[in-house]
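Down below is the structure, laid out as structure tokens.
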Amino acid sequence: MAEITPLERVRNIGIMAHIDAGKTTTTERVLFYTGKKHKIWETHDGEADMDWMEQEKERGITITSATTVCFWKKHHINIIDTPGHVDFTIEVERSLRVLDGAVALLDSSQGVEPQTETVWRQADKYHVPRMIFANKMDKMGADFFTCLDSIKERMTDKAVAIQIPNGKADTFVGVVNLVNMKYYTFEGDKGSEVVEHEIPAELQAQAEEYREKMLDTISIFDDELAEKFLEGEEIPESLIKRAIRTGTISGNLFPVMCGSSLGNKGVQLMLDAIVDFMPSPLDIWAVVGEDEDDSEKKLERQPSDSEPVSAIAFKILTDPFVGTLTYVRVYSGIIHSGDTLYNPITRQKERVGRLLLMHANKREEIDEIHAGHICAFLGLKDTRTGNTLCDPKHPIVLENMEFPETVISIAVEPKSKADQEKMGLALAKLSYEDPSFNYRSDEETGQTIISGMGELHLEVIVDRMKREHKVEVTTGAPQVAYRETITQNVEGEGIFKKQTGGRGQYGHVVLKLEKNDEKVYDFESQIKGGVIPNEFIPAIDKGAREVVAQGLLAGYPIINVKVIPFFGSYHDVDSSEVSFKVATHKAMKDAFFKAGPILLEPIMAVEIVTPDEYTGSVMGDLSGRRGIILGQTPRGNATAISAKVPLAEMFGYSTDLRSNTQGRAQFTMQMSNYEKVPDHVAKKIIAERAGKLKGDDDE
């Protein structure tokens with residue numbers, strides 16, 4: 001970088017929201033107003049800079065989080081535009097892990113939508129300070145105050161309006177700033193000229209009412225302001241900004257603004273608020289990690305160039321022109337191109353080839369990156385998403401990321417022998433980039449099974465295989481990621497004896513199999529008195545893990561179990577790790593089928609927003625899909641129906657919903673929980689997996 005911006009003037013910000021709330025459009029406006037680009041391209045035309053993948057241009061949605069850099073009022077702002085579709089929620093998760101602040105966008109005509117709640121909870125998990133921008137104020141049905149109510153009902157009671165709109169829908173013309181009690185309109189080319197006015201007389205009373213509410217809310221964050229407020233004195237703008245900033249950075253206040261990105265109104269004031277209220281890396285407490293050899297020993301790194309290097313790789317991307325790009329947030333120290341860093345997860349050293357500042361998929365090469373900044377590294381060989389990179393002389397392991405379980409699978413087959421060879425490489429690269437996607441070979445059928453977060457996720461993966469990796473594949477019907485579990489605590493016994501002349505095999509294991517809702521799998525040895533030597537305990541654990549991974553009822557992974565070996569026996573000569581592994585397989589099978597095994601299926605939380613006249617038919621259709629209606633709420637002239645529906649019943653739902661509502665309804669769904677499969681459905685699934693069903697069933 002030619003000029004290093006002081007850390008107090010750096011902002012690392014994400015833009016997050018439900019699909020279609022206007023994230024990418026907002027980012028495009030930011031780039032235009034900050035001078036990063038001289039023409040605005042629109043998302044719906046497939047020309048937005050931040051949606052640079054072919055699939056994003058075609059679908060008009062964001063699939064992969066993109067980063068860019070811009071400058072506003074001498075502040076360096078790193079922006080990550082994240083996807084809104086629930087299938088790509090992992091992109092939001094890994095971006096939030098490294099951000100200092102976020103702007104949550106709402107569609108003012110819809111208020112808080114399901115995916116908004118999801119990303120809000122993700123931001124809570126990482127303690128990310130946020131502000132809220134009620135977008136699309138010029139859209140039919142837009143209502144800022146209804147939107148504000150929905151924020152307080154569905155997301156947080158710590159939200160406070162720091163602006164109010166002048167008008168709504170086609171009468172929306174400007175914004176009142178309650179901090180300085182001025183009124184703003186946006187004129188000239190693409191609203192680039194921000195014009196300040198006195199507040200119109202007809203808005204004065206409402207502005208004073210909401211300013212009073214704002215001052216009352218923020219007074220707890222600043223004693224000087226509270227004193228002036230209680231005594232009815234004039235409160236200077238600087239004091240109000242200080243209180244809002246304090247509350248926002250602490251996570252106890254969420255300022256709410258309004259505007260229309262597509263209508264070119266309010267975006268510059270949002271940029272002002274990012275500068276005024278969002279934290280710099282210096283405002284975020286020191287990053288805490290662990291010693292690589294002792295997880296109990298905590299280590300800290302301050303956000304400073306003088307500290308040892310610590311950074312997190314939060315995204316991997318394969319670029320067809322330059323190779324593997326690793327997006328990195330630097331927490332401390334300075335990294336130069338050519339430096340050698342240490343990955344304490346893999347315990348390998350990595351050499352940083354080149355450093356790139358990213359603007360979506362365009363690149364600017366730099367010589368060094370400082371604490372508090374985000375950039376992409378070229379040349380890393382074995383670093384995965386969530387891995388720490390640090391100074392080899394001062395190792396630290398920063399908190400890793402947790403990735404969700406996949407919920408849907410499809411079989412893919414190459415169309416030709418040439419495709420067969422390329423398919424393996426393509427799948428390896430795609431799973432390396434995306435931790436929420438994986439693949440495996442089905443031993444029974446020989447098929448390659450790919451798994452992901454939803455139909456759209458897998459559709460995009462297959463499309464990327466074709467376009468980026470030139471691999472043609474055919475796909476099978478979607479498969480649900482069922483799971484198996486137990487309903488009772490039981491004991492099981494397994495003995496493995498084999499004598500074939502010479503040394504034989506002997507292993508004997510008695511174990512308890514218990515329900516465990518806290519963990520997917522847990523293991524605790526209660527072997528006492530040396531009835532089984534300690535050296536064979538890991539083999540018992542390994543044997544149990546193999547059974548859990550393969551399943552016993554229908555060949556699906558077993559979850560929520562605790563395995564407790566407590567007795568057994570061994571032979572001085574014939575016992576081995578293999579014999580105890582096989583004995584454990586037998587003991588697990590013995591216990592599992594006595595423990596009331598059941599099949600579980602993923603249940604999706606579904607929300608459909610439909611015109612009122614189709615509510616009955618939509619609800620009837622959901623009931624026919626084994627859905628449970630949880631409630632319905634009016635949303636303008638439409639109804640929002642929330643339900644829980646098994647994923648197995650939701651394939652092809654978008655087509656059916658379109659035909660049932662003449663294309664006027666929308667729906668979103670996300671993974672909720674696992675529940676027991678009804679017995680008649682479970683029998684059919686188990687029989688199919690065992691290959692017992694021939695032709696059509698009897699129904």
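Checked for salt-bridge contact, Asp143 and Lys168 meet the test: a charged N lies under 4.0 Å from a carboxylate O. Arg483 and Glu675 are not joined by a salt bridge, as no carboxylate oxygen comes within less than 4.0 angstrom of a charged side-chain nitrogen. Under the 4.0 Å criterion applied to side-chain N and carboxylate O atoms, Arg154 and Glu607 are assigned as salt-bridge partners.
With respect to Asn12, the side chain to side chain contact (heavy atoms under 4.5 Å, CB included) criterion is satisfied by exactly one of Val98, Asn78, Ile77: Asn78. When the options Ile13, Ile284, Leu99, Thr248 are evaluated for a side chain to side chain contact (heavy atoms under 4.5 Å, CB included) with Pro279, the one that passes is Ile284. For the side chain to side chain contact (heavy atoms under 4.5 Å, CB included) criterion with Tyr439, the lone passing option out of Ile450, Ile449, Ile461 is Ile450.
Considering only residues two or more places apart in sequence or on other chains, Glu613 meets the salt bridge (Lys or Arg N to Asp or Glu O under 4.0 Å) condition with Arg664. Applying the salt bridge (Lys or Arg N to Asp or Glu O under 4.0 Å) rule to Asp124 yields the partners Arg130; only residues at least two apart in sequence or on another chain are considered.
To the nearest 0.5 Å, atom CG of residue Leu106 and atom OG of residue Ser150 are 6.5 Å apart. One finds the CD1 atom of Ile316 at 11.5 Å from the OG atom of Ser431 (value rounded to the nearest 0.5 Å). Here the straight-line distance linking atom CG of Leu599 with atom CD of Glu484 works out to 6.0 Å at 0.5 Å rounding.
Side chains of Asn264 and Arg29: a donor on one and an acceptor on the other come within 3.5 Å. Checking Gln550 against Tyr556 by side-chain atom types alone, no donor-acceptor pair falls below 3.5 Å. Side-chain atoms of Asn560 and Asn516 include no donor-acceptor pair closer than 3.5 Å. Side-chain atoms of Lys265 and Ser260 form no donor-acceptor pair, as typed in the model, at a separation below 3.5 Å.
No donor-acceptor pair under 3.5 Å is formed between the side chain of Arg329 and the backbone N or O of Phe314.
Environment of CG in Leu630: crowded, with over 12 heavy atoms of neighbouring residues, nucleotides or ligands closer than 6.0 Å.
In this structure, the side chains of Tyr653 and Asp621 come closer than 4.5 Å at one or more pairs of heavy atoms. For the pair Val609/Thr639, no side-chain contact is recorded, criterion being any heavy-atom separation below 4.5 Å from C-beta on.
Both the sub-6.0 Å distance and the 45° axial angle are not jointly satisfied by Arg625 relative to the ring of Phe651.
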(message) What verdict does the side-chain contact (heavy atoms from CB on, under 4.5 Å) test give for Ile132 and Met155, after you've listed the backbone C-alpha separation in whole Å, the side-chain angles of each residue and the deciding distance to 0.1 Å?
(response) CA-CA 11 Å; Ile132 300 166; Met155 278 196 327; 4.2 Å; yes
(request) Kindly indicate, with the supporting measurements, whether the criterion side-chain contact (heavy atoms from CB on, under 4.5 Å) is fulfilled by Phe667 and Met650. (result) CA-CA 11 Å; Phe667 86 102; Met650 289 299 290; 4.0 Å; yes
(message) Using the rule given for side-chain contact (heavy atoms from CB on, under 4.5 Å), can you reason through Asn135 versus Asp107, listing the C-alpha separation, both sets of side-chain angles and the distance that settles it, and then say yes or no?
(response) CA-CA 5 Å; Asn135 192 23; Asp107 179 334; over 6 Å; no
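Relative ring orientation between Tyr210 and Phe145 is described as tilted, the plane-to-plane angle lying within the 30° to 60° band.
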Using atom types as modelled, flag every donor-acceptor pair under 3.5 Å from a side chain in residues 158-166 to any protein atom, sequence neighbours excluded.
residue	atom	partner	partner atom	Å
Lys158	NZ	Asn252	OD1	3.4
Gln163	OE1	Cys258	N	3.1
Asn166	ND2	Tyr183	OH	2.8

